[in-house]
Amino acid sequence: MKQLRKLIPLFFVLTLFSTLTAGCGKKVPECPFTTATWESTREDIASLEDGEGEIYDSIYGGVTVAYPKKYKEWDGMVKYMFNEENRLVSLSWMYEAKDSEDLTAVYELIHGEAEDMLGESGFKFNSEQFAELASPGDVWYLETGNVILNTVDASDAKLLQYTFLHPDVSQENPQSEK
């Protein structure tokens with residue numbers, strides 16, 4: 001009985017510690033430009049965005065539903081992509097910048113906020129593997145789904161896209177050490 005009394009405080013401390021650290025292993029990013037979740041249906045999104053939106057084929061075998069959407073002070077377009085089972089698998093917000101300086105400024109602001117939320121990505125954009133790409137971008141490879149921030153800075157288009165992917169359509173980091 002004395003030994004049991006000595007173990008109770010230890011058990012209490014271990015239980016408290018494991019409870020406090022239980023959620024620390026996985027970062028679950030919150031998509032900042034929509035309140036839709038992976039469980040949202042097309043009907044939920046139509047209600048959320050107040051309309052049917054523009055519908056076209058998705059790269060995931062279902063449909064994409066797009067709506068004009070302001071994120072912070074920037075006018076852009078939000079895209080909800082569904083797979084062939086009609087499950088939401090991608091949330092993207094796209095912004096068309098006025099010029100390269102605007103594109104860089106918006107990228108740096110959003111990238112800073114993404115790093116505040118997710119930490120450093122570990123993706124080495126300027127590595128040899130991606131040296132041919134000139135526009136800035138970053139990818140966070142997470143167990144809860146990849147987060148991608150990329151830009152296109154071409155003569156005829158200045159675009160930024162901020163994407164949250166469902167784990168079912170996310171890929172492993174091609175730069176990870178195996």
Task: Interatomic spacing from CD in Glu120 to CG in Leu118 - rounded to 0.5 Å - done: 12.0 Å

- [ ] Give a yes or no on whether Met77 and Val106 share a hydrophobic cluster (residues Ile, Leu, Val, Met, Phe, Trp, Tyr; joining criterion: side-chain heavy atoms under 4.5 Å apart).
- [x] no

Task: Close side-chain approach of Leu160 to Leu149, heavy-atom, < 4.5 Å - done: yes

Open item on the list: Is it the case that the side chains of Tyr95 and Asp102 hold a donor-acceptor pair, with the cut-off being a distance below 3.5 Å and no angle test?
Closed with: yes

Task: CD on Glu101 to CG on Asp153, rounded to 0.5 Å - done: 8.5 Å

Task: Beyond-backbone contact of Val65 with Glu49, side-chain heavy atoms, under 4.5 angstrom - done: no

Task: Side chains of Leu91 and Phe33 in contact at under 4.5 Å (non-hydrogen atoms) - done: yes

TODO: Indicate whether any N or O donor in one side chain lies under 3.5 Å from an N or O acceptor in the other, for Ser58 and Tyr80.
DONE: no

Open item on the list: Please check if the number of heavy atoms outside Asp50 that lie under 6.0 Å from its CG is greater than 12.
Closed with: no

TODO: Please indicate whether Asp116 has more than 12 foreign heavy atoms, meaning atoms of other residues, nucleotides or ligands, lying under 6.0 Å from its CG.
DONE: yes

- [ ] Look at the side-chain heavy atoms of Ile, Leu, Val, Met, Phe, Trp and Tyr, link any pair under 4.5 Å apart, and say whether Leu159 and Val78 land in one connected group.
- [x] no

Open item on the list: Could you check whether Asp44 and Ser47, counting side-chain N and O atoms only, form a donor-acceptor pair closer than 3.5 Å?
Closed with: no

Open item on the list: For the CD atom of Glu96 and the CE atom of Met94, what is their distance to the nearest 0.5 Å?
Closed with: 7.5 Å

Open item on the list: So for atom CD, which belongs to Gln161, do other residues, nucleotides or ligands contribute more than 12 heavy atoms lying within a distance under 6.0 Å?
Closed with: yes

TODO: Mind checking the CZ-CZ spacing from Arg87 to Phe82? Nearest 0.5 Å is all I need.
DONE: 11.0 Å

Task: Between CG on residue Asn83 and OH on residue Tyr60, distance to nearest 0.5 Å - done: 10.0 Å

Task: Any Thr163 side-chain heavy atom under 4.5 Å of Ser90 side chain - done: yes

- [ ] First locate atom OG1 of Thr34, then atom OH of Tyr71, and finally report the distance between them rounded to the nearest 0.5 Å.
- [x] 11.5 Å

Open item on the list: Test your reading of the model: is there a side-chain donor-acceptor pair from Asn146 to the backbone of Gln171, 3.5 Å cut-off?
Closed with: yes

Open item on the list: Test your reading of the model: is there a side-chain donor-acceptor pair from Ser40 to the backbone of Thr37, 3.5 Å cut-off?
Closed with: yes

Task: Donor-acceptor under 3.5 Å (Ser170 side chain, Gly145 main chain) - done: no

Open item on the list: Can you confirm whether Arg42 sits close enough to Val63 that some side-chain heavy atom of one is under 4.5 Å from a side-chain heavy atom of the other?
Closed with: yes

Open item on the list: For the backbone of Val147 and the side chain of Tyr162, can you confirm whether one donor and one acceptor N or O come within less than 3.5 Å of each other?
Closed with: no

TODO: Indicate the atoms forming the closest heavy-atom contact of Leu88 with Trp38, along with that distance.
DONE: O-CE3, 3.4 Å

Task: Cationic N near anionic O, under 4.0 Å, Lys79 to Glu54 - done: no

TODO: Quick one: do Tyr107 and Asn150 satisfy side-chain contact (heavy atoms from CB on, under 4.5 Å)? Show the steps, please.
DONE: CA-CA 8 Å; Tyr107 173 83; Asn150 61 330; over 6 Å; no

Task: Non-hydrogen side-chain atoms of Leu165 and Ile148 separated by less than 4.5 Å - done: yes

Open item on the list: Restricting to non-hydrogen atoms, name the atom on Glu52 and the atom on Tyr67 that form the minimum distance, rounded to 0.1 Å.
Closed with: O-OH, 3.3 Å

Task: Residue pair Lys72, Glu113: steps toward the side-chain contact (heavy atoms from CB on, under 4.5 Å) verdict - done: CA-CA 12 Å; Lys72 301 198 178 275; Glu113 291 174 359; 2.9 Å; yes

TODO: Spell out, as yes or no, whether a donor-acceptor pair under 3.5 Å connects the side chain of Trp93 to the backbone of Lys69.
DONE: yes

Open item on the list: In the structure I gave you, are the side-chain heavy atoms of Ile59 and Met81 within less than 4.5 Å of one another anywhere?
Closed with: yes

Open item on the list: Contact between Leu109 and Trp74 at the side-chain level, heavy atoms closer than 4.5 Å - yes or no?
Closed with: yes

